[in-house]
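Here is how names work: the chains are called A, B, and so on, in the same order as the sequence lines, proteins then strands, and each is numbered from 1.
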Protein chains: 2
Amino acid sequence: MASDLQVTADPVETILREIDQSAETGGKSPCPVRDVLDRTGDKWSVQVLLRLSKGPERFNALLRTIAGISQRMLTVTLKALERDGLVTRKVFETRPPSVEYTLTPLGVSLIQHLAGLADWAIRAEAQISANRKAYDGG
Amino acid sequence: MASDLQVTADPVETILREIDQSAETGGKSPCPVRDVLDRTGDKWSVQVLLRLSKGPERFNALLRTIAGISQRMLTVTLKALERDGLVTRKVFETRPPSVEYTLTPLGVSLIQHLAGLADWAIRAEAQISANRKAYDGG
DNA sequence: CGGAATCCGCTTTGATACTG
DNA sequence: CAGTATCAAAGCGGATTCCG
């Protein structure tokens, strides 16, 4: 118990403080927590990151693999991820040209946590589903 | 290698399969992973959960504490969280009436993972910010 | 092949006003 | 106090078309 070597404190405390600080500015200094949640919360980022975690892939390969995504949203998503330094974009000047996307170390480190969350989701699925049914029914 | 006792496999593999399966149905059978990501990705759920992790709180207390949230969105958010069984709602028939919201064990278990993600966000903040600056500048 | 640009509908959100 | 109802505004995302 109480194994607070260093950073432990209360993680939740730390996060709340972080959120509060940015809220005080009227939300103009973006909170990093909300920021990453915004990204991972959008419809496609996580799936793109997940796909890339198996190795580099090309644009159209991703487009085919990720069922339901439009060309536009893949472009937008990849650009945002590249901007944040979560993926890198490499252009091969062949004919026809090809573009390859790769996860950066930073992106890999993010995936770890997302996987934890996703794992929770899968395990909690049955219970949540039951809760909803009970709520809607009663 | 290939230590597939039971669940181990590759967590990412498992998640991808989960996503794929729901995609095949045209997204009609909702993927639990996307489902939880949708919830945590919305603007307020995480903050509400985080606040409640310190103990039960009343509606207007939350409304004051969570800077920027509107009455309407707090209502909507709490209702969704209650439906999923992440928080419970308890009404005290006093005058004036008061309502108290509490995290369920399921909600607590979710917080753990969210905290991990939030912690990553805080530590990665500087690098991401630098990446964006470099991207926008160059 | 890998995008960029435009248009456009739908959902989400915020303000405001009203209620038990 | 703790909501509900309504409306308008904003944003996201899809379809389509064009370009290097």
Rounding to a whole Å, what distance do you find between B/Leu37:CG and D/dC12:C1'?
-> 17 Å
Sidechain N-carboxylate O distance under 4.0 Å for B/Glu100, B/Arg89 = no
Nucleic acid footprint by protein, nucleotides 1-9 of chain C - heavy-atom cut-off 4.0 Å, B for base, S for sugar-phosphate alone | BBBB-----
Do B/Val108 and B/Leu49 sit in the same hydrophobic cluster, where Ile, Leu, Val, Met, Phe, Trp and Tyr count as joined when their side-chain heavy atoms come under 4.5 Å apart?
-> yes
Between CG of A/Asp38 and C1' of D/dG11 the distance, given in whole Å, is 12 Å
Quick one: B/Ile69 CD1 to C/dG14 P, roughly how many Å, whole number?
-> 8 Å
Just one of B/Thr102, B/Leu62, B/Val99 clears the side-chain contact (heavy atoms from CB on, under 4.5 Å) bar with B/Glu57, so which one?
-> B/Leu62
When the distance from CG of B/Leu74 to P of D/dG3 is rounded to whole Å, what number comes out?
-> 8 Å
Interatomic distance where CD1 belongs to A/Ile66 and C1' belongs to D/dG13 [whole Å] | 15 Å
With no hydrogens and no angle check, is any side-chain donor or acceptor of A/Thr104 less than 3.5 Å from a backbone partner on A/Gly85?
-> yes
Would you tell me if any nitrogen or oxygen in the side chain of B/Trp44 comes within less than 4.0 Å of OP1 or OP2 on C/dT12?
-> no
Send over the distance from B/Glu93 CD to C/dG20 C1', rounded to a whole Å.
-> 11 Å
Rounded to the nearest angstrom, tell me the gap between atom NZ in A/Lys43 and atom C1' in D/dG14.
-> 9 Å
Can A/Arg39 and A/Asp35 be counted as an ion pair, charged N to O under 4.0 angstrom?
-> no
CG of B/Asp42 versus P of D/dG11: gap in Å, rounded?
-> 17 Å
B/Phe92 reachable from B/Leu78 in the ILVMFWY side-chain graph, under 4.5 Å edges = no
